[in-house]
Structures are given as structure tokens and as C-alpha cells.
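Here is the structure we will look at, set down as C-alpha cells.
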Amino acid sequence: MKVSPSIIATEFLNLKHTLKELEKAGADFIHLDVMDGVFVNNITFGPDIAAEIMENTAIPGDTHLMIQNPEKYIDRFLEVRTEYVTFHIESEGNKDRIIDRIKEKGKKAGITLNPATPLSEIEPYLKKVDLVLIMTVHPGFYGQRFREDAFEKLKLIKKIRDSKGYDFLIEVDGGINDKTAPLVAPYVDIVVSGSFIFKGDNIRDRISFLKQL
Ligand code: DX5
Ligand code: ZN
């Protein structure tokens, strides 16, 4: 599996050093959790800080927008050096326009949904997205417990992709650790991980563990 470390679980003032460590550890992406205090009950950072973070590493970016109005801010986030830009189906705005805009700017478009939202909501967009992110916690904070009820969704999204011949990648985000990662591995291409990677004592070992699954 590819690994996308969620840097909100790190010490921000040490980020430059942490980015170097992540490069050495073979992290595949940097997961940028953007929260606006409206869509979720937490606030992280916006496009300027995201851009500055990504200027300090060669690792590809994986932006996760947890914001109420992605259409309004999408152009600002498309200026950030990042490979994927993922937004929530529960947010406002015209989803086709957001996806088209991301692609027009040469980035890959991802769509995601909260644990309580059924897969049928994103079904109309599956033929045009590059990534589907399955949330296995309610978004807003790192360090939450993996929701077992998300399994059905993971199995189903893989089944839909395989049966319809879609080519999006499947990513999972929330509560991924040494117990839950092996369970999701058969269904996903990319795992996001925050506290498991950063709150242990060795970033490199934890990334290697996830990568070999
Ligand atoms: C939650 C964020 C996640 C989170 C992951 O709202 O989208 O990316 O930081 O952290 P862990 O792995 O600790 O659940
Ligand atoms: Zn995330």
C-alpha cells in the first residue's frame, strides 16, 4: 500500500525536519488536512501554509479539503504543489464543476464522504474522479478510533470499481494503525495515517510496516 502521512498529527514547528524524515522513510504522499471550522469542528491551515509546506519537500501532495465551500477556494488550493485534491460530497457547490476545475489545472480529483453518507451519493461522479477517499472516522480530528462499520463501504467501493472497470484509486483515512491497516489492505491503494505514524517512537518503522502490507 502507498502511505500518506497526515501531518496535522506532528509538531508544526518541527515540520521542516519531519518532512526530511518522511522523505527518508519513503512516504508516498503528504496528506494535508484543511479544516475551516464550518464543515468540521476544527480549524487547521489554508492555501498559503499548504503551499509553504509543499515547497519544503519533493514528496507529492494529497490535499483533503474539509471545507464548506470548496468551489470558492479551489483555485487557491490548485496553486499548491499537490498531486491530488479531494473534497467532500457533503460540502456546497457544483461537484462536476469542482472536479473539472481540478483536472483543468492538471491535478487529480478526489471525492470523499463522511461515515454516515451512503456510497450512492458519490456514484454519479465515480466515472470521472481519480481517487475515492473512504472516511473511517467522522472528520475533524486525528487520533480517533477506526469505525468498523466502514468496512462494508470499503468492500462495496472496490466491487463497484472492479465490476464497472473504473480506474480511481481507493484511499482510507482515520484510525489506521497496526491492527486496522492489515484489515483494510485488501481493499485500498493508499492509507492515510496520522497518530500511528507520528505518535510512536519511530516514523520510519511505522511507514515501512504500512508500506509492506
Ligand atoms: C481527520 C483527518 C485525518 C486524520 C488522520 O479528520 O482527515 O486525516 O488526521 O489521523 P489518524 O490517523 O490519527 O486518525
Ligand atoms: Zn484527512
Side-chain angles (χ1 to χ4, degrees), residues 1-12 15 18-19 22 25 27-47 49-50 53-54 59-68 70 77 80 82-91 108-117 122 129 131-151 153-154 169-185 188-203 205-207 209-211 213:
M1 290 192 299
K2 293 199 166 177
V3 178
S4 189
S6 165
I7 53 156
I8 57 166
T10 63
E11 283 175 41
F12 256 77
L15 201 50
T18 306
L19 290 169
L22 290 175
D28 298 286
F29 297 99
I30 299 295
H31 186 77
L32 299 166
D33 283 306
V34 178
M35 305 185 191
D36 66 352
V38 181
F39 186 76
V40 288
N41 292 322
N42 202 359
I43 302 176
T44 54
F45 50 79
I49 290 181
I53 294 168
M54 294 314 295
I59 304 173
D62 169 33
T63 303
H64 176 192
L65 297 177
M66 285 159 276
I67 64 176
Q68 188 69 13
F77 285 102
V80 179
T82 174
E83 183 165 343
Y84 288 94
V85 178
T86 298
F87 66 95
H88 273 261
I89 189 71
E90 303 87 357
S91 62
K108 292 178 181 157
I111 198 156
T112 184
L113 70 180
N114 289 339
T117 305
I122 64 166
V129 293
L131 179 105
V132 172
L133 169 58
I134 303 291
M135 290 305 299
T136 41
V137 295
H138 190 76
F141 298 88
Y142 71 81
Q144 301 182 77
R145 217 184 123 103
F146 179 89
R147 297 175 58 125
E148 311 278 338
D149 58 356
F151 263 114
K153 226 186 240 178
L154 276 176
L169 297 183
I170 301 172
E171 182 177 49
V172 70
D173 185 6
I176 293 298
N177 57 35
D178 52 345
K179 306 280 181 309
T180 55
L183 304 176
V184 302
V188 310
D189 306 291
I190 308 173
V191 278
V192 176
S193 169
S195 44
F196 174 66
I197 289 178
F198 295 111
K199 303 298 181 196
D201 43 36
N202 192 314
I203 290 178
D205 288 353
R206 295 209 160 177
I207 289 181
F209 170 79
L210 295 172
K211 280 181 77 111
L213 289 172

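As a basis for the values below, the full set of heavy atoms in this structure was taken, side chains included, without hydrogen atoms, waters or symmetry mates. Each ligand, and each atom within it, is numbered from 1 in the order the structure gives.
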Next on the checklist: Could you measure the distance from the OG1 atom of Thr63 to the CG atom of Asp33? Nearest 0.5 Å is fine.
Outcome noted: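 One finds 9.5 Å between OG1 of Thr63 and CG of Asp33.
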Checklist entry - Out of curiosity, Ile7 CD1 to Leu15 CG, how far, rounded to the nearest 0.5 Å? => result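 If I round to the nearest 0.5 Å, the distance is 5.0 Å.
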Checklist entry - Which one holds for Phe141 and ligand 1: side chain close, backbone close, both close, or neither close, with close meaning a heavy atom under 4.0 Å? => result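 Phe141 to ligand 1: backbone contact only, side chain stays beyond 4.0 Å.
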Item to check | Closest candidate by heavy atom, reference atom 13 (O) of ligand 1, pool Gly194, Ser195, Ala9 | outcome: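 Comparing heavy atoms across Gly194, Ser195, Ala9, the nearest one to atom 13 (O) of ligand 1 lies in Ser195.
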Item to check | Within-shell test, His138 vs ligand 1, heavy atom, strictly < 4.0 Å | outcome: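 Not so, His138 does not reach ligand 1.
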Checklist entry - Does at least one non-hydrogen atom of Lys199 fall below 4.0 angstrom from an atom of ligand 1? => result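 No heavy atom of Lys199 comes that close to ligand 1.
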So is there a nitrogen or oxygen of [X] less than 3.5 Å from a nitrogen or oxygen in ligand 1?
| X | answer |
| --- | --- |
| Asp173 | yes |
| Val137 | no |
| Ser6 | yes |

Next on the checklist: Test your reading of the model: is there a side-chain donor-acceptor pair from Glu90 to the backbone of Asn114, 3.5 Å cut-off?
Outcome noted: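 Yes: the side chain of Glu90 pairs with the backbone of Asn114.
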Checklist entry - If you stand at the Zn ion (ligand 2) and look out to OD2 of Asp173 and NE2 of His31, what angle do those two lines make, to 10°? => result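 Between OD2 of Asp173 and NE2 of His31, at the Zn ion (ligand 2), the angle is about 100°.
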Item to check | Atom name in His64, limited to N/O/S, at shortest distance from the Zn ion (ligand 2) | outcome: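 Closest N, O or S atom of His64 to the Zn ion (ligand 2): ND1.
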